[in-house]
Amino acid sequence: MRARRHLLLCLFMSALASLAQGQKPLIRLWEGTPVKAKSVTLAPFLPASSAAPSVPAPAVIICPGGSYCWLDYDAEGTHVAQWLQGEGIAAFVLKYRVQGFVPYILHTRLLARGHQHPDALCDVQRAIQYLREHADDMGIDAGSVGVMGFSAGGHLSMSAAAFAATDFLAPLGISHDVSLRPDFVASIYPVVTMNKPYTHKRSRRALLGEYRKHNSAMRDSLSLERHITDVCSPVFLLNCADDHIVNPRNSELLDSALTARHIPHTYVRYTHGRHGFGVMPRRMNAETAQWQETFLSWLRSLAVCRHHPEER
């Protein structure tokens with residue numbers, strides 16, 4: 001009995017700590033809809049000022065990486081959200097649908113569909129819709145909703161911009177009257193292409209499925225360098241020349257496509273830093289430790305973030 005009381009007390013104190021930090025209960029994005037996806041959640045990390053804001057805060061949906069197989073939820077999710085929250089930005093960690101570890105190992109999608117495209121893209125569009133529709137309740141600016149992603153999450157964040165004109169929610173029975181186009185995108189050491197010789201094969205298989213990964217039309221359809229339009233969102237793009245996981249040419253292809261379409265963007269390329277550092281000091285070096293302030297400076301320069309304070 002005493003141990004049970006101690007456990008309950010710990011849980012209660014943990015909940016109080018989360019509330020004190022501005023973390024709200026998980027949002028189950030597909031609850032009340034025809035979509036059966038209970039695992040998809042949005043974790044809010046709201047700045048203290050959002051409780052009674054004089055001006056709405058910009059919002060960032062965070063898509064952790066993990067090769068579309070799993071999610072690096074802490075290093076590229078909650079820690080990123082806590083950093084942004086401390087900068088006066090409303091952050092929301094998206095737990096989107098991925099292949100899963102067991103299906104990856106056992107190739108179970110040879111027999112059952114499992115999770116694959118467009119599931120994750122539906123999840124991020126649903127997150128954008130939800131935040132725009134609930135902006136007033138959360139103290140955020142409905143006109144300043146962006147998406148930040150890492151690695152495969154960087155592919156997903158860019159997909160939200162590249163394919164914003166396609167409503168993936170309508171076939172699911174979801175009606176709305178808000179824009180699904182993110183106001184800005186941050187794509188950090190992203191997967192970009194699904195074609196040889198630069199593709200990240202694990203991400204391609206997880207996204208397309210064991211059968212469709214061989215389909216050249218499907219590979220082309222999700223190679224982002226082929227789908228940048230004149231109305232693409234502004235982009236912050238970052239990678240390292242010594243990336244040993246995702247070929248650095250991925251970011252170069254995206255930079256070239258954005259440049260060709262005259263899309264406002266900033267491309268930051270570090271010489272050393274490799275892959276997967278997120279915002280974790282132990283994973284960073286002197287170069288990559290600069291990226292957070294560089295991103296904040298870029299974000300403050302955007303018109304969509306006109307309400308973001310210049311200095312804290």
Side-chain angles (χ1 to χ4, degrees), residues 35-37 39-40 63-72 76 94-126 147 149-172 185 187-229 232 237 239 243-258 260 275-276:
V35 179
K36 306 300 181 183
S39 65
V40 178
C63 302
S67 306
Y68 281 116
C69 290
W70 44 77
L71 297 177
D72 192 358
E76 296 175 346
L94 176 63
K95 184 178 286 187
Y96 55 93
R97 283 171 283 182
V98 294
Q99 178 183 17
F101 184 76
V102 172
Y104 170 72
I105 296 296
L106 301 181
H107 296 265
T108 58
R109 293 184 307 171
L110 290 170
L111 301 174
R113 179 187 182 277
H115 294 154
Q116 54 186 278
H117 177 74
D119 295 348
L121 189 49
C122 292
D123 295 339
V124 75
Q125 284 198 344
R126 176 67 171 168
V147 185
F150 300 80
S151 194
H155 182 276
L156 180 56
S157 65
M158 256 332 293
S159 296
F163 304 120
T166 301
D167 188 342
F168 286 89
L169 303 180
L172 303 176
V185 168
S187 195
I188 315 298
Y189 41 82
V191 173
V192 173
T193 189
M194 294 291 145
N195 285 312
K196 295 180 180 180
Y198 307 120
T199 188
H200 185 244
K201 293 181 181 179
R202 186 167 61 240
S203 293
R204 181 176 64 189
R205 172 159 75 93
L207 181 62
L208 295 179
E210 275 71 4
Y211 294 108
R212 294 192 301 173
K213 71 176 183 179
H214 301 294
N215 186 309
S216 60
M218 284 301 302
R219 293 199 300 264
D220 287 347
S221 73
L222 290 171
S223 292
L224 299 178
E225 74 277 11
R226 297 171 177 261
H227 298 283
I228 302 302
T229 68
C232 182
L237 172 63
N239 79 318
D243 193 325
H244 61 304
I245 302 295
V246 175
N247 192 301
R249 282 287 290 159
N250 277 258
S251 290
E252 294 173 15
L253 289 171
L254 181 54
D255 173 53
S256 296
L258 292 167
H275 190 88

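Listed here is the closest heavy atom pair of Leu121 and His117: CD2-CE1, 4.1 Å. Across all their heavy atoms, Gly154 and Ser187 have their closest contact at O-OG, 3.0 Å. The nearest pair of heavy atoms linking Ser151 to Gly65 is CB-CA, 4.3 Å. Closest non-hydrogen pair, Leu156 versus Cys63, comes out as CD2-SG, 3.9 Å. The two atoms that bring Cys122 and Leu169 nearest to each other are O-CD2, 3.6 Å, heavy atoms only. The shortest non-hydrogen separation linking Leu222 to His155 is O-NE2, 2.9 Å.
Applying the ring pair (Phe, Tyr, Trp, His ring centres under 6.0 Å) test to pairs two or more places apart or on separate chains, none has a residue in residues 196-218.
Here the straight-line distance linking atom OG of Ser39 with atom CG of Leu71 works out to 9.5 Å at 0.5 Å rounding. With rounding to the nearest 0.5 Å, the separation of OG in Ser256 from CZ in Arg249 is 6.5 Å. Going from atom CE of Met194 over to atom CG of Leu224 covers 7.0 Å, rounded to the nearest 0.5 Å. Considering CD of Glu76 and CD1 of Ile188, their distance stands at 10.0 Å, rounded to 0.5 Å.
Although no hydrogens or angles enter the test, the distance criterion places a donor-acceptor pair under 3.5 Å between the side chain of Arg109 and the main chain of His115. Under the 3.5 Å distance criterion, the side-chain polar atoms of Arg219 are left unmatched by any main-chain donor or acceptor of Asn195. In this structure, Ser251 contributes its side chain and Pro248 its backbone to no donor-acceptor pair below 3.5 Å. Judged by distance alone, the side chain of Arg113 and the main-chain N or O of Gly209 form no donor-acceptor pair under 3.5 Å. Checking side-chain atoms of Gln125 against main-chain N and O of Thr166 turns up a donor-acceptor pair under 3.5 Å. Side-chain N or O atoms of Arg226 include none that pairs as donor or acceptor with a backbone N or O of Ser221 at under 3.5 Å.
Looking at Met158 and Pro190, their side chains never come closer than 4.5 Å, going by heavy atoms from C-beta outward. The closest side-chain heavy-atom distance from Asn215 to Leu208 is not below 4.5 Å. With contacts defined as side-chain heavy-atom distances shorter than 4.5 Å, the pair Leu172/Arg126 does not qualify.
For Asp167, there are no salt bridge (Lys or Arg N to Asp or Glu O under 4.0 Å) partners two or more places apart in sequence or in a different chain. Qualifying salt bridge (Lys or Arg N to Asp or Glu O under 4.0 Å) partners for Glu225, counting only residues two or more places apart in sequence or in other chains: none.
Using a 30° and 60° split on the angle between ring planes, Phe150 and Tyr189 fall in the tilted class, from 30° to 60°. The aromatic rings of His227 and Phe163 lie tilted to each other, with the angle between the two planes from 30° to 60°. Using cut-offs of 30° and 60° on the angle between ring planes, the pair Tyr96 and Tyr68 is perpendicular.
Considering Arg212, Arg97, Glu210 as possible partners of Gln116, the one that fulfils the side-chain hydrogen bond (donor to acceptor under 3.5 Å, both in side chains) test is Arg212. Remark: of the listed residues Asn250, Leu254, Asn247, Val246, Asn250 is the sole one forming a side chain to side chain contact (heavy atoms under 4.5 Å, CB included) with Thr193.
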* To do: Determine, step by step, whether Arg205 and His107 satisfy the side-chain hydrogen bond (donor to acceptor under 3.5 Å, both in side chains) criterion, reporting the C-alpha distance in whole Å, the side-chain angles of both residues, the deciding distance to 0.1 Å, and the verdict.
  => CA-CA 10 Å; Arg205 172 159 75 93; His107 296 265; 3.3 Å; yes

